There are 4 protein chains.
Amino acid sequence: MPKIGMEPIRREALVKATIAEIGEHGTLDVTVSQIAQRAGMSSALAHHYFGGKEQIFVAAIRYMLGVYAAEVRGALVMADTPATRVEAIVRASFSPRNFRSETVSSWMNFYVLAQRSEEAERLLSIYQSRLRSNLRFGLRPLVGARAEAVAGRVAALIDGVYLRQSLGGGVPDNARANQQVMDYVELELEKGEK
Amino acid sequence: MPKIGMEPIRREALVKATIAEIGEHGTLDVTVSQIAQRAGMSSALAHHYFGGKEQIFVAAIRYMLGVYAAEVRGALVMADTPATRVEAIVRASFSPRNFRSETVSSWMNFYVLAQRSEEAERLLSIYQSRLRSNLRFGLRPLVGARAEAVAGRVAALIDGVYLRQSLGGGVPDNARANQQVMDYVELELEKGEK
Amino acid sequence: MPKIGMEPIRREALVKATIAEIGEHGTLDVTVSQIAQRAGMSSALAHHYFGGKEQIFVAAIRYMLGVYAAEVRGALVMADTPATRVEAIVRASFSPRNFRSETVSSWMNFYVLAQRSEEAERLLSIYQSRLRSNLRFGLRPLVGARAEAVAGRVAALIDGVYLRQSLGGGVPDNARANQQVMDYVELELEKGEK
Amino acid sequence: MPKIGMEPIRREALVKATIAEIGEHGTLDVTVSQIAQRAGMSSALAHHYFGGKEQIFVAAIRYMLGVYAAEVRGALVMADTPATRVEAIVRASFSPRNFRSETVSSWMNFYVLAQRSEEAERLLSIYQSRLRSNLRFGLRPLVGARAEAVAGRVAALIDGVYLRQSLGGGVPDNARANQQVMDYVELELEKGEK
DNA sequence: AATGAATGAGGATTCATTCAT
DNA sequence: GATGAATGAATCCTCATTCAT
C-alpha cells in the first residue's frame, strides 16, 4: 500500500524548512538539498513536489502571508472599536512569531526575491494592499479622509521597523517595535479628522 | 615606467558597475564577470584589485554610503533652521539619485548582504547611527526630549518607504516619498515639545 | 528503489584512474576532470563521492598501500624461514605490479603530496613503519641486534632504487632491482650476528 | 646610466628564491609571483630573465647540482686514499647545506619535475652518472670488479635516505644519514675484492 | 512514493604570460 | 632595465535538475 496523503505533509515540511533555512543563513542562497535535508527527505522529492526551487520559495512566501493573515484575522475578532482594530493589526504584525529573527530575515529576503519573481511580487503586493486596506478601514472612522495617507505611512513604518530589526542581529524586541508604531498612530489619532 | 595610477579608476568603475548590475538584476546574484564586463575589464582584473567578490560588494556599499553622506552634508549646508535641517536630511535621502530604482534595489540588497558579511553590517550600522544622530540633532530644538524617539521613527519610515519602492517596479516617485515622510515630521512638529 | 551500491564501484574506478593519470603525467598536476573522464564519469560525481581533489589523492594512496600490504602478506604466507621472509618482502616491494612505471611514478608523487597533506603523510609514515617492522622481524634471527639498523638500510635502499626507477623513463627492470637489494641483504647475512 | 650587470645578480636571486619557495611549500606548486617577490622583483622581470616558469625551475636544478658538485670536488681535494674518497662523496651528499629540509624537499620535487621536463631529466641523469662514476672510481681499488654494483647501491642508498628525510618533517639528522650509508660501505669494504 | 545516481552548466578564483610605458 | 596593467585559459567546486528503479 503506498503511503497516501503524504503530499500536504511533505509540502508543509518543505515550506517550513525553507523559512528556517533562509532565516538561519540570512540569504536566499540556500540549496535545495539543505532545505530537503532539514525537511527530512531527498532533494529529488522536493523537486517532485514543487517542480523547482523558485516554486518552493513562492510557496514559502504564500505560507508566511497566510499565517500572517490568520494572525490579523484572529486579532481582529477581539477588536470591536476602530482604535482597537488598528492596534490589533499592528500587534499581529509584530507578533512574537513574526518577530523571530528568523522570520524577519525571511521576510526581508522575500522582498528581494520579489524583484526576480513575478509570482513573489504579486503575492507581496497583495499583502501590502490588504495591510493598507485593513488599516484604512480601521482608520477611517478615526481620521476621516486622511485614512488613506495615514495607512500608507503606518504600513511603511511597520516595514521600516522590520527592516531595521533584520540588522544588528540583536534579539528582536517586539514590544518596542509595537510601541514605535503605536506612538505614531496615536499621534495621528490625536490630530483626529481635522 | 609602467602605465600607472589605474587602480583608483578601475576600482571606481567596478564599484559603479556593481551597483548598476545589482540594480538591474535586483539581486546579489550577479557574477564577477558581469560586473567586470560592464566596467570594461576582465574578471581577473576585478579580482586583482579587490581580492574577491564580497570585497567588491563591500566597496560598493561604502561607495553608496559615501555618496549619500555627501548629499546629506551638501543639503545641510543650505539649512539654517532646525526644521530645514530635518527636511534637508529627508530630501537627501530621497534625492533623485538615491531614488533611482537601481539604487533602491542595491540598497535593499545590501541590507540582505549585511546578514552574511560582518563588514557590510558594520557599514550599514554606522549609516543608521549617523542618520539617526543627524535627525536627532535637528529635531531636538523642535520636539525636545522626544527627539530620540521621533528620530527613530523618521529613520524607520524612510527605510520603510524605500522598501516599498523596491516593490512594484513602477517608476519611483520621490516627491511622494518625500511628502510621506515630511507629513509625519510636521505632525510631530505640531505636537511640539509637549 | 533507486539504483544502488554504485558508490564503492565508482570510488574504486576513480582511485584507479587517479593512479593511472598520475602515472601517465608524472605529476600530481592532473585535473579532477581528467581523472573522472578516465573513470567514465563526470567530474561532479567525483566530487560527490570524495568531496575534493585531495581526498581523491589520499584515497589513491590508501589504495596503493593496501595493495602493497596485501602483496607482502601474500608473499609472507609462503615464507617459512627468516631468510625467505626477508626476500618475500623485498620481492613484493618490487613486484611487477608495483614496478610498472606508472606505479613507481605515483609512489614518487605521493611522497611529494605528503609534504602538503597531513593525511598523506600519516599514511606513508605508517607504511614505512610497517615495512621496517616486517624487515626487522625477519632479520632478527639472522643478524641479531643489528636488525634495527639493517632494516633501516634495506628500507632506504628499496626506496632509493624506486626513486631511480622513476627517472630515465626506461622500462623498469624489477629483476635487477630485486637483485640489487638482495645482494646487500646477503652481505649482511654473511656478516651474521657478529 | 642604466644599471649594468644586473642580469647575473637577478638570476641568482631568482634561483635561490625558487629553491627556498619550493622548500617551504614542499611542492612545485609555487607561483612565479611568489618566487619573484621573494627575490625582490616583479614577476614580469622573472619572465624577462628566464622566459618561463619551467626554465626557472631548470635553472634551479642546475644551480643545486652545481653547488653539490662543488662540494664534492672540495671534499675530494682533501681525500688522498680511496676509502677517504668514498667517504668524502657521501659526506658531501649529506652536508648540512644539502640536508636542510628545504633542500631535501627541493631535491625531491626536482625528481618529480624530471618526469615532465626533458631538460630536468637530463640534468638529474648527469648528476646520477657523475655520482656513480665518482663512487666507482673510489671503490675500484677497494672492491675491484664489484665497484660498479656497489656504486649503484651506494647511490641508491643515498637517494633513499634522502627520500625518507623528506618525510616526517623532523629535523634532518645528517650525522645519522651519513653513518647509515658509511656502515654499508664499510661492510662492502670488509668483504673486499673477493 | 521516494531516492541514489548522475550530470551540465556555471561561477569564483588563480596564474603564467604579455605589453605598454 | 623594470614594472604595473591586463587577460585568457584553466581548474575546482557547487547545484539545480533529471532519471532509473
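Order of the sequence lines sets the chain letters (A, B, ...), proteins ahead of strands, with each chain counted from 1. All values reported here derive from a predicted model rather than from experimental measurement.
For the segment residues 5-14 of chain B, the set of residues with a heavy atom within less than 4.0 Å of an atom of DNA chain F comprises B:Gly5, B:Met6, B:Glu7, B:Arg10, in numerical order.
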Distances for protein N/O vs nucleotides 9-11 of chain F N/O pairs under 3.5 angstrom?
none

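Whole-Å rounding puts the B:Ile35 CD1 to E:dG11 P distance at 12 Å. Distance C:Gln55 CD to F:dC12 P: 14 Å, rounded to the nearest Å. Atom CD1 of C:Ile4 and atom C1' of E:dA2 are 12 Å apart (whole Å). In this structure, the CG atom of C:Leu45 is 6 Å from the C1' atom of E:dA6, given to the nearest Å. For the pair D:Gln37 CD and E:dT14 C1', the interatomic distance rounds to 16 Å; values are reported in whole Å. Atoms CZ (B:Phe57) and P (E:dG11) sit 12 Å apart, rounded to a whole Å. One can place CD of A:Glu21 at 16 Å from C1' of F:dA16, the figure rounded to the nearest angstrom. The distance between atom NE2 of B:His47 and atom P of F:dT7, rounded to the nearest whole Å, is 14 Å.
A search for side-chain hydrogen bond (donor to acceptor under 3.5 Å, both in side chains) contacts involving B:Ser43 returns nothing, not counting sequence neighbours. Listed by chain and number, the residues in a side chain to side chain contact (heavy atoms under 4.5 Å, CB included) with C:Glu24 are C:Arg38 (sequence neighbours excluded). For the side chain to side chain contact (heavy atoms under 4.5 Å, CB included) test, residues two or more places apart in sequence or in another chain that qualify with C:Glu7 are C:Arg11, C:Tyr49. For D:Ala120, the side chain to side chain contact (heavy atoms under 4.5 Å, CB included) partners at least two apart in sequence or on another chain are D:Ile61, D:Leu113, D:Ala114, D:Ser117. Listed by chain and number, the residues in a side-chain hydrogen bond (donor to acceptor under 3.5 Å, both in side chains) with A:His48 amount to none (sequence neighbours excluded). In this structure, the side chain to side chain contact (heavy atoms under 4.5 Å, CB included) partners of A:Ser106, at least two apart in sequence or on a different chain, are A:Ile19, A:Ile22, A:Met64, A:Phe110. Not counting sequence neighbours, A:Gln55 has no partner by the side-chain hydrogen bond (donor to acceptor under 3.5 Å, both in side chains) test. By the side-chain hydrogen bond (donor to acceptor under 3.5 Å, both in side chains) test, A:Glu12 pairs with A:Lys16, sequence neighbours left out. Every residue was checked against the salt bridge (charged side-chain N to carboxylate O under 4.0 Å, His left out) condition with D:Glu54, not counting sequence neighbours, and none meets it.
Remark: B:Tyr49 is not in phosphate contact with F:dG4, judged by side-chain N or O atoms under 4.0 Å from OP1 or OP2. Taking 4.0 angstrom as the limit, D:His48 places a side-chain polar atom (N or O) nearer than this to OP1 or OP2 of F:dG1.
Shown here is B:Glu102, whose CD atom has more than 12 heavy atoms of other residues, nucleotides or ligands within 6.0 Å. Counting non-hydrogen atoms of other residues, nucleotides and ligands closer than 6.0 Å to CD of D:Gln37 gives a total of 12 or fewer.
Comparing C:Ala46 and A:Ala46 along DNA chain E, the residue whose closest nucleotide (by nearest heavy atom) sits nearer the 5' end is A:Ala46. Nearest-nucleotide positions on DNA chain F for B:Ser42 and C:Gly51 put B:Ser42 closer to the 5' end.
Base pairing in DNA chain E yields stems of at least 3 consecutive Watson-Crick or G-U pairs, both distances under 3.5 Å, namely E:2-21 with F:2-21.
Residues D:Gln115 and C:Thr27 form no side-chain contact, since every pair of their non-hydrogen atoms from C-beta on lies 4.5 Å or further apart.
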